[in-house]
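Working notes, structure below.
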Amino acid sequence: MTEKSFDSAVQDALARIEERIENACVRAGRSREDVRLMAVTKTVEAERINRALEAGVSLIGENRVQEFLAKKPALLPGRAEMHLIGHLQSNKVNSIVGQVDMIQSVDSEALARKISRRSEELGIVTRVLAEVNIGGEEAKSGIAPEGLEELLGQMALLPGISVEGLMTVPPISEKESEKRAFFSKMYQLQVDMRAKNIDNIDMRILSMGMSDDFEEAILEGATLVRIGSAIFGRRQYV
Ligand SMILES: *Cc1c(COP(=O)(O)O)cnc(C)c1O
């Protein structure tokens with residue numbers, strides 16, 4: 001593919017996604033401004049990410065610390081917020097804190113503590129989300145819903161982080177009703193946790209929905225959808 005045709009491919013894909021987000025917001029009776037689009041750029045090379053940034057993408061998400069740090073210097077500066085959305089190993093905390101605008105995948109007190117400590121060393125506060133394993137899947141990261149309140153209580157005490165909401169990757173499911181049930185549970189968790197009024201805990205962000213299910217997520221209250229392959233095409237793992 002020539003660069004030009006890629007440009008228009010990514011622009012066309014973004015336009016289609018934008019239209020689908022708008023339609024889902026209308027169906028949900030929500031305002032378009034209530035839902036933020038993240039372009040998930042894992043496995044996408046910097047050059048192609050920059051085309052998306054030029055097309056107006058203002059938020060990108062990466063899964064792996066090393067991959068992100070390798071690409072970051074080549075990205076157009078000042079265009080987009082950058083979030084880490086993949087599982088964070090504790091030995092990578094020191095290299096990622098200060099390099100991203102938010103870490104969406106905090107699922108234990110130990111991890112939260114490390115992020116907070118490193119942030120304090122750097123004199124910053126790191127914005128984070130608590131990742132919830134809403135389907136109770138063994139192989140997935142995320143805190144169990146039953147443990148969320150306790151985790152939030154612990155995170156609230158850490159001076160180097162600020163909690164701004166919840167994130168999830170629900171089980172893969174073909175049925176729309178099943179997908180919506182998991183998203184709906186997440187929305188309920190957000191409402192419940194907000195009602196607890198935990199000091200220093202903000203619940204404004206609900207990060208859920210990917211290429212195959214972002215419309216269902218919007219219908220159930222997502223405020224941030226994370227979309228990769230529907231923008232950049234199928235990922236090629238090397
Ligand atoms: C890869 C990934 C996405 C995007 O997935 P697509 O199906 O390509 O849209 C979203 N969230 C997380 C946590 C991911 O790892």
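All figures in this text were calculated on a predicted structure; none of them were measured in a lab. In each ligand, atom 1 is the first atom listed, and ligand 1 is the first ligand listed.
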When you compare the side chains of Asn23 and Glu19, does any donor N or O come within less than 3.5 Å of an acceptor on the partner?
no

I'd like to check which ligand 1 atoms, numbered from 1 as shown, lie under 4.0 Å from a non-hydrogen atom of Ile227.
9 (O)

Going by heavy atoms, is Ile85 under 4.0 Å from ligand 1?
yes

Between Gln89 and Lys92, does the side chain to side chain donor-acceptor pair (under 3.5 Å) criterion hold? Intermediate values first, please.
CA-CA 6 Å; Gln89 292 169 283; Lys92 302 273 167 57; 3.1 Å; yes

Only heavy atoms of Gly228, strictly under 4.0 Å: list the atoms of ligand 1 that pass.
4 (C), 6 (P), 8 (O), 9 (O)

Would you check, one step at a time, whether the test salt bridge (charged side-chain N to carboxylate O under 4.0 Å, His left out) holds for Glu67 with Lys42?
CA-CA 8 Å; Glu67 181 188 337; Lys42 64 181 180 226; over 6 Å; no

Min over Ser229, Ser141, Gly61 of heavy-atom distance to atom 7 (O) of ligand 1 lands on Ser229

Which of the numbered atoms in ligand 1 are under 4.0 angstrom from any heavy atom belonging to Ser211?
6 (P), 7 (O), 8 (O), 9 (O)

Shortest non-hydrogen contact between Ala156 and Asn200, atoms and distance:
O-ND2, 3.4 Å

Could you please spell out the steps behind the salt bridge (charged side-chain N to carboxylate O under 4.0 Å, His left out) verdict for Glu45 and Arg51?
CA-CA 10 Å; Glu45 61 273 34; Arg51 300 289 84 77; over 6 Å; no

Nearest non-hydrogen atom to atom 2 (C) of ligand 1 belongs to which of Arg226, Met167, Lys42, Met38?
Lys42

Please determine if Glu220 and Arg180 form a salt bridge, counting it only when a charged side-chain N lies under 4.0 Å from a carboxylate O.
yes

Any nitrogen or oxygen of Asp212 lying under 3.5 Å from a nitrogen or oxygen in ligand 1? Just yes or no.
no

